[in-house]
There are 2 protein chains.
Amino acid sequence: MTTATLEREAQSRLAAYGVRFTRGRRAVVLALAEAQGPRTVAELAEVLGPSVPVSSLYRTLTVLEESGVVVPHYGTRGLTRYELAEWATGHHHHLVCIECGTVDDLEIPEGLEQRVEAVVEELADDQGFEPAGHSLEIEGRCRSCH
Amino acid sequence: MTTATLEREAQSRLAAYGVRFTRGRRAVVLALAEAQGPRTVAELAEVLGPSVPVSSLYRTLTVLEESGVVVPHYGTRGLTRYELAEWATGHHHHLVCIECGTVDDLEIPEGLEQRVEAVVEELADDQGFEPAGHSLEIEGRCRSCH
DNA sequence: CTCAATAACGATACTCATTCTCATTCAGTA
DNA sequence: TACTGAATGAGAATGAGTATCGTTATTGAG
């Protein structure tokens, strides 16, 4: 997805939610687009510098989450990470490093994804609930920690 | 697994780690054995009452985690939940309620689990890392929130 | 273009889960 | 029973995240 398309889509979602696509919100969306996985507020603050103060960063991420532009991720101790929603990144899973705690996106080939979805569907049938989503986290060692 | 077996195994793991299996630690292990899914400190404190003060509860859970008796779970906003490790509960996955945030254990039939593991293995081959574990979280609505 | 009206912002105070500290108590051993 | 290190409990400290509130920026009406 191009940056222009990403911005157009993000703006459209924010508009549907009834808020503006401001400079600060654009900066956060673009920073997340650069990232290879979910990012903490601290990591984003590092990238963005003082142009987006921390208090605004928290509020911006809340707005972006509520309008469906980003989704939160809670895979590591005590920290909330954010990433662009699947309409922007495509469906993917995560590799959580058991050594350093970083989280990387993990592209999953279509065939494998279909098999995961089939399992989720069968589980849903078994247990009598309707699944709204799923996530497969794989714990291992990232390239830096090998 | 019977309570006696659970206690024996827990004691053995704590001994291997070089610490004692005290009254407070036993109480926490038994409380987690009663639970149907990962529990927060607040939830455990509610069940245990004042016999295990909160500061001890945190420390106890840390010791139990380091000795391999319990594992942490970070699936919901801002809260760490703990559950007995898989040697006690067997391998399982989680249903995270998108309504109320509770997390329930989800037993997965052997056949389905094998298919999940096959996918994880293939992903590992593709990406060139060795997986240490995996978790499949299904987001949906729990029975209370239907 | 100017002026409200309202959305967004930024600094700071605050909350609350979790961790740390330290004095006290307990369990195991001589 | 007395000694020694482990374990405990109460409360202080930390830090991520939230709420508040005065200021600034954007939008739309005239």
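Protein chains get the first letters and strands the later ones, always in sequence-line order, with residue 1 at the start of each.
By the 4.0 Å N-to-carboxylate-O rule, E65(B) lies close enough to R77(A) to be salt-bridged with it.
Heavy atoms of T80(A) sit under 4.0 angstrom from primed sugar atoms or phosphate atoms, though from no base atom. Across all strands shown, V63(B) has no heavy atoms under 4.0 Å from either base or sugar-phosphate atoms.
You'll find the ring centres of H134(A) and H93(B) outside the 6.0 Å limit.
The hydrophobic clustering, which links ILVMFWY residues whose side-chain heavy atoms are closer than 4.5 Å, places V116(B) and V71(B) apart.
In this structure a side-chain-to-backbone donor-acceptor pair under 3.5 Å is present from S67(A) to V63(A). Not one N or O on the side chain of E107(A) forms a donor-acceptor pair closer than 3.5 Å with the backbone of D105(A).
A nucleotide of DNA chain D counts as in contact with chain A when one of its atoms lies under 4.0 Å from a heavy atom; the first and last such, 5' to 3', are dA16(D) to dT27(D). Protein chain A contacts DNA chain C from dA7(C) to dT12(C), reading 5' to 3' and using non-hydrogen atoms of the protein with a distance under 4.0 Å.
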Which atom pairs, donor and acceptor, lie under 3.5 Å between side-chain atoms of residues 14-30 of chain B and protein residues at least two apart or in another chain?
from, atom 1, to, atom 2, distance (Å)
Y17(B), OH, E66(B), OE1, 2.5
R25(B), NH1, R20(B), O, 2.8
R26(B), NE, E7(B), OE1, 2.9

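Between T22(B) and V54(B), the residue anchored closer to the 5' end of DNA chain C is V54(B), taking for each the nucleotide with the nearest heavy atom. The nearest heavy atom of DNA chain D to R25(B) and to S55(A) marks one nucleotide each, and the one closer to the 5' end goes with R25(B).
Using cut-offs of 30° and 60° for the angle between ring planes, the H94(A) and H73(A) rings count as perpendicular.
In this structure the side chain of P38(B) never reaches within 4.5 angstrom of the side chain of T80(B), judged on heavy atoms.
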